[in-house]
**Student:** 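I'd like to ask some things about the structure below.
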Amino acid sequence: VHLVESGGGSVTTGGSLTISCEASGPTSSNRCMAWFRQAPGKEREGVAQIRYGSGVTHLAESVEGRFTVYLDKAENRMYLQMDSLKVEDSAMYYCAADLSGNSCSYRTFRDTYYEKWGQGTQVTVSS
């Protein structure tokens with residue numbers, strides 16, 4: 001599985017942005033896909049995950065109600081729609097895949113579950 005993110009950019013506070021992750025390679029309904037982010041000087045944190053087969057999602061508290069994660073299975077893409085963006089949402093956003101799907105089963109963002117990572121796309125929110 002190879003992951004490539006795109007769609008990052010700069011927006012002002014309160015704005016919206018949608019980023020995507022294209023996955024190539026074999027698909028599995030068990031696979032758990034996730035978005036992580038890392039700001040300079042901060043630890044990487046998980047923000048959203050989705051089970052490839054069922055589409056069941058789990059969002060971090062910090063983004064719940066503002067971010068939506070969804071799939072386009074025809075294009076083998078995962079999207080992260082980000083609304084009501086805040087300055088503190090600024091970070092490099094990474095797409096990740098857990099081929100076993102256990103991270104979705106346990107609703108955990110522990111990054112050791114994720115074997116595949118993209119190169120990241122930058123999101124900057126300014127006031």
Side-chain angles (χ1 to χ4, degrees):
V1 175
H2 184 59
L3 305 173
V4 179
E5 303 94 334
S6 61
S10 298
V11 297
T12 54
T13 305
S16 297
L17 194 66
T18 299
I19 56 178
S20 70
C21 170
E22 182 178 12
S24 60
T27 60
S28 164
S29 61
N30 264 347
R31 185 198 302 173
C32 184
M33 303 290 295
W35 287 101
F36 286 78
R37 66 185 181 187
Q38 187 167 22
K42 294 190 176 181
E43 289 189 2
R44 183 166 55 191
E45 64 168 335
V47 296
Q49 64 182 195
I50 184 166
R51 170 89 68 183
Y52 193 86
S54 64
V56 172
T57 64
H58 171 55
L59 297 171
E61 277 189 32
S62 58
V63 303
E64 201 155 16
R66 300 188 298 120
F67 289 12
T68 304
V69 59
Y70 60 96
L71 296 168
D72 181 333
K73 291 183 181 179
E75 294 193 356
N76 212 4
R77 280 183 180 267
M78 174 178 65
Y79 292 88
L80 184 68
Q81 179 182 331
M82 302 178 287
D83 299 316
S84 302
L85 282 161
K86 305 176 182 179
V87 171
E88 51 264 41
D89 292 319
S90 296
M92 185 72 79
Y93 282 71
Y94 298 92
C95 169
D98 164 14
L99 303 182
S100 73
N102 287 330
S103 58
C104 278
S105 299
Y106 303 142
R107 294 167 65 87
T108 177
F109 287 113
R110 186 178 297 178
D111 56 10
T112 51
Y113 279 98
Y114 294 86
E115 303 98 334
K116 304 294 183 182
W117 294 83
Q119 83 290 348
T121 187
Q122 178 69 39
V123 172
T124 303
V125 186
S126 57
S127 57

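Bear in mind the structure is a predicted one, so any value in this text is a computation, not a measurement.
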**Student:** Looking at every non-hydrogen atom in both residues, tell me the closest pair between Val69 and Leu59 and how far apart they are.
**Tutor:**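 Reported closest heavy-atom pair: CG1-CD2, 4.1 Å.
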**Student:** How far apart are the closest heavy atoms of Ala23 and Leu3, and which atoms are they?
**Tutor:**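 Nearest heavy atoms, Ala23 then Leu3: CB-CD2, 3.7 Å.
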**Student:** Step through the shown structure and confirm whether more than 12 heavy atoms of other residues, nucleotides or ligands are within 6.0 Å of CD on Gln119.
**Tutor:**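 Atom CD in Gln119 is crowded, with more than 12 foreign heavy atoms closer than 6.0 Å.
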**Student:** Would you say Trp117 and Met92 are hydrophobically clustered, going by side-chain heavy atoms of ILVMFWY under 4.5 Å?
**Tutor:**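 Yes, same cluster.
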**Student:** Can you name the closest pair of heavy atoms from Ser84 and Asp89 and give their distance?
**Tutor:**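 For Ser84 and Asp89, the tightest heavy-atom pair comes out as O-OD2, 4.4 Å.
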**Student:** Determine the sole option in Tyr113, Tyr93, Tyr114 for which the ring-ring contact (aromatic ring centres under 6.0 Å, His included) test with Phe36 is passed.
**Tutor:**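 So the option named by the test is Tyr114.
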**Student:** In chain order, what residues pass the ring pair (Phe, Tyr, Trp, His ring centres under 6.0 Å) check against Phe109, with sequence neighbours excluded?
**Tutor:**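 Applying ring pair (Phe, Tyr, Trp, His ring centres under 6.0 Å) to Phe109 gives His58.
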**Student:** Spell out, as yes or no, whether a donor-acceptor pair under 3.5 Å connects the side chain of Thr121 to the backbone of Gly8.
**Tutor:**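 Answer holds: yes.
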**Student:** Between the side chain of Asn102 and the main-chain N/O of Tyr106, is any donor-acceptor distance below 3.5 Å?
**Tutor:**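 The answer is no, because no donor-acceptor pair under 3.5 Å joins these two groups.
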**Student:** Can you tell me how far the OG atom of Ser54 sits from the CG atom of Leu71, to the nearest 0.5 Å?
**Tutor:**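 Here the interatomic distance stands at 9.0 Å.
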**Student:** Considering the options Arg110, Arg51, Gln49, which one meets the side chain to side chain contact (heavy atoms under 4.5 Å, CB included) requirement together with Ser103?
**Tutor:**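 Result for side chain to side chain contact (heavy atoms under 4.5 Å, CB included) with Ser103: Gln49.
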**Student:** Let me confirm one number: the CZ-CE distance from Arg77 to Met33, rounded to the nearest 0.5 Å.
**Tutor:**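 One gets 11.5 Å once the value is rounded to the nearest 0.5 Å.
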**Student:** Is there a path from Met78 to Leu99 through hydrophobic residues (I, L, V, M, F, W, Y) whose side chains come within less than 4.5 Å of each other?
**Tutor:**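 Yes, one cluster joins them.
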**Student:** List, by chain and then residue number, the residues other than Tyr70 in its hydrophobic cluster (Ile/Leu/Val/Met/Phe/Trp/Tyr, side-chain heavy atoms under 4.5 Å); write none if there are no others.
**Tutor:**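 Direct or chained contacts put Tyr70 with Tyr79.
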**Student:** Nearest 0.5 Å, what's the CD-CD distance between Glu43 and Gln38?
**Tutor:**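 That separation rounds to 8.5 Å.
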**Student:** Can you name the closest pair of heavy atoms from Cys95 and Glu5 and give their distance?
**Tutor:**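 For Cys95 versus Glu5, the nearest heavy atoms are N-OE2, 2.7 Å.
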**Student:** So, for Leu85 and Arg66, which heavy atoms are closest and what is the spacing to 0.1 Å?
**Tutor:**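 In terms of heavy atoms, the two residues are closest at CA-NH1, 3.9 Å.
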**Student:** Does the pair Met82 and Val123 meet the rule for a side chain to side chain contact (heavy atoms under 4.5 Å, CB included), with working shown?
**Tutor:** CA-CA 10 Å; Met82 302 178 287; Val123 172; 3.8 Å; yes
**Student:** Would you please test Ser20 and Ser6 for side chain to side chain donor-acceptor pair (under 3.5 Å) and show each step?
**Tutor:** CA-CA 5 Å; Ser20 70; Ser6 61; 3.1 Å; yes
**Student:** Search all heavy atoms of Ser90 against all heavy atoms of Ala39 and return the closest pair with its distance.
**Tutor:**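 Looking at all heavy atoms of both residues, the shortest contact is O-CB, 3.6 Å.
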**Student:** Run the numbers on Tyr52 and Asn76 for side chain to side chain contact (heavy atoms under 4.5 Å, CB included), then give the verdict.
**Tutor:** CA-CA 10 Å; Tyr52 193 86; Asn76 212 4; 3.0 Å; yes
**Student:** So do Leu80 and Arg37 actually touch side chain to side chain, heavy atoms under 4.5 Å?
**Tutor:**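 With C-beta onward as the side chain, the pair stays apart.
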**Student:** Examine Ile19 and Tyr94 and state if one hydrophobic cluster contains both, with Ile, Leu, Val, Met, Phe, Trp and Tyr joined whenever side-chain heavy atoms are less than 4.5 Å apart.
**Tutor:**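 Unlinked, Ile19 and Tyr94 end up in two clusters.
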**Student:** Measure the spacing between OG of Ser29 and NZ of Lys73 and express it to the nearest 0.5 Å.
**Tutor:**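 The distance works out to 8.0 Å.
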**Student:** Hey, does Ser62 have a side-chain heavy atom less than 4.5 Å from the side chain of Glu45?
**Tutor:**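 The answer is yes, as the side chains (C-beta and beyond) meet within the 4.5 Å cut-off.
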